[in-house]
There are 2 protein chains.
Amino acid sequence: MTPSARRASVSTCAVAVDVALLTLRDDRLQLLLVEPDPPELRGRWALPGRRVRDDEGLDDTAHRALAELGGIRAPDAHLEQLRTYGDPSRDPRGRVVSVAYLALTPTTDDPSAGRHARFWDVADLGTPGGPRFAYDHDRIVPDALERARSKLEYTSLATAFVAEPFTLAELRRVYEAVWGVALDPANFRRKVMSARGFIVPADGYAKPGPGGGRPARRYRRGAATRLHPAMLRPD
Amino acid sequence: MTPSARRASVSTCAVAVDVALLTLRDDRLQLLLVEPDPPELRGRWALPGRRVRDDEGLDDTAHRALAELGGIRAPDAHLEQLRTYGDPSRDPRGRVVSVAYLALTPTTDDPSAGRHARFWDVADLGTPGGPRFAYDHDRIVPDALERARSKLEYTSLATAFVAEPFTLAELRRVYEAVWGVALDPANFRRKVMSARGFIVPADGYAKPGPGGGRPARRYRRGAATRLHPAMLRPD
DNA sequence: TCAATAGTGTCTTTTAGACATTATATG
DNA sequence: CATATAATGTCTAAAAGACACTATTGA
């Protein structure tokens, strides 16, 4: 298939895509994991991943992995490459180069793939109550979390976690869940508003919760991708 | 070779590594490019790239590409993954998934690979005086530049461009060359000093230039990787 | 001596964080 | 009415930027 297989030491690799899908559910940051097929991995959990097909773009493989393994259909989800993991011994079944993706969606329903896919609280990862990972996915997941936490600072990525239109309180809860901190609502508002093009006003107001409260203004995503000034994490 | 080739549509890909090596030469940001082998690409320039060998890590392939194609031996160069380019039609010779790397080194000699490798001024890229790119490398290079410019803000990456020990003026010229702006030396000093763990004093002083001037204090890289507070670009 | 570069000090503007105050809803 | 949440205002401290000033060299 490839014309330049002149050297015995240069051949081809299996190429796969693994997706770390993060979402906010009940104000907690959650990660989608699936039970892998191989019987020797019973009890472990993995990122949804698929082999790349011929003539299939990497982004397409990522969407297919989410749909086929997680039952998540999210054509409008934010999807960005994270990193490629190519250690020769990372998969015991043979050399697999895996392109890892970070995916973000607004809150969705439970995955429709039954018992073999579920969301896990990110706060539980690495604790006795959390999942045991398959393959080297315990290395990919921290990279995905750090990417999300970091990009919340200097990009408009946080809006990928909320459905439009959204309120400032919803956006603030994204930052609080991803960073794991509490933020002052007043100062948060001022910083978001001063970041030019981050959000733009939408029509109408959100209904207050059951306990009452002033109705919140609604907003939509603005045109900016990088934030000026940035929304820096507290120390 | 791979045990799970059950579906005809899932096969293996050629996997390659392409490296964007940036360095500072004569206070200008420069990029290493090589002339590709295929005769139909005469007159075009490419990032040094190599196919990944069996049992070779991706980082190893990156170093090998720099050494074999550019004549650059830089085992201590900063090397980080940039992004993986896997569009099915990106290489006319067949499907090649390419893992792109960003490499940074202190100023080095001219590449020893003769006429087939040279440094180009980044400022000349995309101008009539600049190179024409082969493959999709005109998409990779802007990503590499933006990564470098962005990471100078919130990481200690700038120190990868200078050899130890270095002066604050040398470090400042890194920022000026990569960002393409002039920076106030006094304010630059204050920001670098307040970024905890960015640099640490070294022994001795640097000799002034031919025109004289007060000898500059020498520094080494500190332990920090992320900068607090960050070195933000001027608007 | 002067020119050049390193390093310090000062002033103003901007931004961040703490927190009080006002506005508008539910019950 | 009390309570809850949104939105605004105020004060202080920290940081950014402009720029004057001092220190130490080469010529």
Side-chain angles (χ1 to χ4, degrees), chain A residues 27 152-154 162 165-176 179 181-220 224 226-235, chain B residues 27 152-154 158 162 165-177 179 181-220 224 226-235:
Chain A
D27 288 345
L152 248 56
E153 293 191 282
Y154 56 94
V162 291
F166 51 85
T167 67
L168 283 176
E170 290 167 343
L171 190 62
R172 177 168 46 83
R173 281 190 281 268
V174 171
Y175 278 90
E176 292 179 326
W179 286 347
V181 298
L183 299 176
D184 181 283
N187 295 332
F188 180 81
R189 158 183 305 275
R190 196 158 29 78
K191 288 171 78 166
V192 168
M193 292 310 207
S194 71
R196 301 173 284 275
F198 189 6
I199 59 174
V200 294
D203 288 337
Y205 293 83
K207 288 251 175 291
R214 177 172 168 175
R217 192 73 211 256
R218 286 185 162 137
Y219 296 89
R220 297 185 180 278
R226 287 186 67 87
L227 299 185
H228 296 287
M231 305 274 302
L232 298 178
R233 272 181 271 196
D235 307 281
Chain B
D27 288 343
L152 248 56
E153 293 191 283
Y154 56 95
V162 291
F166 51 85
T167 67
L168 283 177
E170 289 167 344
L171 190 61
R172 176 168 48 84
R173 282 191 280 268
V174 170
Y175 279 89
E176 292 179 325
W179 286 347
V181 298
L183 299 176
D184 181 282
N187 295 331
F188 179 82
R189 158 184 305 275
R190 196 158 29 78
K191 288 172 76 166
V192 169
M193 292 309 208
S194 71
R196 300 173 285 275
F198 189 6
I199 60 173
V200 295
D203 288 337
Y205 293 84
K207 288 252 177 292
R214 177 172 169 176
R217 191 74 210 255
R218 286 184 162 136
Y219 296 89
R220 296 186 180 279
R226 288 185 68 87
L227 299 185
H228 297 286
M231 306 274 302
L232 299 178
R233 271 180 272 194
D235 308 280

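Lettering follows sequence order; numbering is per chain, from 1. As the structure is a computational prediction, the values presented were derived from the model and not from experiment.
Nucleotides of DNA chain D nearest to B:Asp235 and A:Tyr205 differ in position, and the one nearer the 5' end is that of A:Tyr205. Residues A:Leu232 and B:Gly211 each lie close to DNA chain C; by heavy-atom proximity, the contact nearer the 5' end of the strand is made by B:Gly211. Of the residues near DNA chain D, A:Thr167 and B:Ala230, the one whose nearest nucleotide (by heavy atom distance) lies more toward the 5' end is A:Thr167. Nearest-nucleotide positions on DNA chain C for B:Pro215 and A:Arg233 put B:Pro215 closer to the 5' end.
Across all strands, B:Arg217 comes closer than 4.0 Å only to sugar-phosphate atoms, never to a base (heavy-atom distances). A:Ala186 comes within 4.0 angstrom of a nucleotide base, judged by non-hydrogen atoms across all strands. The residue B:Pro229 sits apart from the nucleic acid: no heavy atom pair falls under 4.0 Å.
Side chain of B:Arg196 to backbone of B:Leu227: no donor-acceptor contact under 3.5 angstrom is found. Of the possible polar contacts, none joining the B:Tyr175 side chain to the B:Ala158 backbone as a donor-acceptor pair under 3.5 Å is found. Remark: the backbone N or O of B:Ala230 is not paired with any side-chain donor or acceptor of B:Glu153 at under 3.5 angstrom.
Among C:dT5, C:dC19, C:dA25, the nucleotide with an atom closest to any side-chain atom of A:Pro208 is C:dA25.
Straight-line distance from the CZ atom of A:Arg190 to the C1' atom of C:dA16: 7 Å, rounded to whole Å. Whole-Å rounding puts the A:Asp184 CG to C:dT15 P distance at 18 Å. Rounded to an integer number of Å, the gap from A:Arg189 CZ to D:dA7 C1' is 5 Å. Per the geometry, CD belonging to B:Glu153 stands 14 Å off C1' belonging to D:dA16, to the nearest Å. Going from atom CZ of A:Phe188 over to atom P of C:dC19 covers 20 Å, rounded to whole Å. Rounded to an integer number of Å, the gap from A:Lys191 NZ to D:dG9 P is 20 Å. Rounded to a whole Å, the CG atom of B:Asn187 is 9 Å from the P atom of D:dA16. Distance B:Arg172 CZ to C:dT5 P: 10 Å, rounded to the nearest Å.
Remark: of the listed residues B:Asp184, B:Leu171, B:Leu168, B:Leu168 is the sole one forming a side-chain contact (heavy atoms from CB on, under 4.5 Å) with B:Arg189.
Remark: B:Arg218 fails to qualify as a cation-pi partner of B:Tyr205 under the 6.0 Å distance and 45° angle criteria applied to the six-membered ring.
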